[in-house]
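In what follows, a single structure is set out as structure tokens and then discussed.
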Amino acid sequence: MINPARVTPESRNLASEVEPIAVVTADFGPQWISHFSTLRNERRDCDKPSEDRAALDPIRQTVVIADGITRTVGSDGTYPVQSPSARAAQLFCETVVARASQVSEMNAETMAAIMSEANESIASLNREIFPDFDYGERDRAGVAAVVGVIEGESLWLASIADCWCVGAKGDDITRLAWEKTSQARPEYRRLGEQTAREQLRNKPEHPKAYGACTGEPEAMHFVEYSKVDISRFDRLVFSSDGLLPIAEEDPLSLASLPAKQLMQLGQLLDRAHQE
């Protein structure tokens, strides 16, 4: 059972401060501490602002990671600041935390309702900023996300796209929520960015479709839910896709490294992949 007193006040909500690659590690034991650590990815094709957001409610024991979806770079080579998807990520986090705090006991239907409400908050944002949208520079803002609500020894999970969560016990790593976009990537590259968004994103009828919370009701078809017994774990790690290379190439680091060192390893891998 999480001891909320062990979570420092400044770590309760970093939704306005988190930069690309957001990670939350939850370590279980006599003392439970949640660490927020961040890393700003360097992009060479544009000056891409922060679009990852994370929020923690230690009272309700809720963790949210939301990764704003990268947009088309403008014809002048610039990226929108403030990014609409950064606004969507922050709004998603705030909506989930607020809604979950009102729930005394979680169940599958309530978890789905929370995700739907957070998705609808993005729909409202998109109606405001993109009354006339396309699938290019004026594409709908959206997020990939993972949400966890802990009740006793149970973790209620919801995830969409490539945000993820693992549980660790010693050297044993268990994927609890994993990325769901790899099957769509070859077709996405074949079609090109704008056409792929129009034909693949949130299209349940397409065999190569992928989901993202863009406010479209169809996005809910792509959310995966689960309830996990976490009594068998020492640690949970929630992350955006920036740490997927670590999870795939060096999974034991997820179990052993403090959050700060985990982020340093992520930075090294990120730079290596850009070479």
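Model, not experiment: these values are computed from the prediction.
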Would Glu151 and Gln61 count as a side chain to side chain contact (heavy atoms under 4.5 Å, CB included) here? Give the steps. CA-CA 7 Å; Glu151 289 187 342; Gln61 304 178 23; over 6 Å; no
Tyr188 and Glu193: side chain to side chain contact (heavy atoms under 4.5 Å, CB included), yes or no, with the steps? CA-CA 7 Å; Tyr188 190 103; Glu193 186 176 74; 3.5 Å; yes
Take Met111 and Val147 through the test side chain to side chain contact (heavy atoms under 4.5 Å, CB included) and record every step on the way to the result. CA-CA 9 Å; Met111 194 68 168; Val147 175; 3.7 Å; yes
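To the nearest 0.5 Å, the span separating CG on Leu236 from CG on Leu176 amounts to 6.5 Å. If you take NE2 on His206 and CG on Leu200, they are separated by 5.0 Å, rounding to the nearest 0.5 Å.
Between the side chains of Thr110 and Asn107, a donor-acceptor pair is found at a separation under 3.5 Å. A donor and an acceptor atom, one from each side chain of Glu198 and Gln194, are nowhere located under 3.5 Å apart. Side-chain contact of Asp139 with Thr72: a donor-acceptor pair under 3.5 Å is absent, judged by distance alone. Judged by distance alone, the side chains of Thr95 and Arg99 never bring a donor and an acceptor atom under 3.5 Å apart. Inspection of the Glu187 and Tyr210 side chains reveals no N or O donor paired with an N or O acceptor under 3.5 Å. Between the side chains of Ser124 and Arg127, at least one donor-acceptor pair of N or O atoms lies under 3.5 Å.
Using a 4.0 Å cut-off between charged side-chain N and carboxylate O, Glu137 and Arg71 make no salt bridge.
When atom types are taken as modelled, the side chain of Asp52 and the backbone of Ile65 share no donor-acceptor pair closer than 3.5 angstrom. Using a distance-only test at 3.5 Å, with no hydrogens or angles considered, a donor-acceptor pair links the side chain of Asp57 to the main chain of Arg60. A donor-acceptor contact shorter than 3.5 Å links the side chain of Ser83 to the backbone of Ala86. Between the side chain of Ser253 and the backbone N or O of Asp250, at least one donor-acceptor pair lies under 3.5 Å.
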Compile the donor-acceptor pairs under 3.5 Å between side chains in residues 222-229 and protein atoms, sequence neighbours left out, one pair per line.
{"unit_1": "Asp229", "atom_1": "OD1", "unit_2": "Ser231", "atom_2": "N", "d": "3.0"}
{"unit_1": "Asp229", "atom_1": "OD1", "unit_2": "Ser231", "atom_2": "OG", "d": "2.8"}
{"unit_1": "Asp229", "atom_1": "OD2", "unit_2": "Ser231", "atom_2": "OG", "d": "3.3"}

Which pairs would a plain distance check flag for residues 164-173, meaning a side-chain donor or acceptor within less than 3.5 Å of a matching protein atom at least two apart in sequence or in another chain?
{"unit_1": "Trp164", "atom_1": "NE1", "unit_2": "Ser240", "atom_2": "O", "d": "3.1"}
{"unit_1": "Lys169", "atom_1": "NZ", "unit_2": "Asp234", "atom_2": "OD1", "d": "3.4"}

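Using a 4.5 Å cut-off between side-chain heavy atoms of Ile, Leu, Val, Met, Phe, Trp and Tyr, with links allowed through other members, Leu91 and Ile114 fall into different hydrophobic clusters. Residue Tyr79 is not grouped with residue Phe130 when hydrophobic side chains (ILVMFWY) are merged at heavy-atom distances under 4.5 angstrom, including chains of intermediate members.
Across all non-hydrogen atoms, the minimal contact from Cys163 to Ala145 is CB-C, 3.5 Å.
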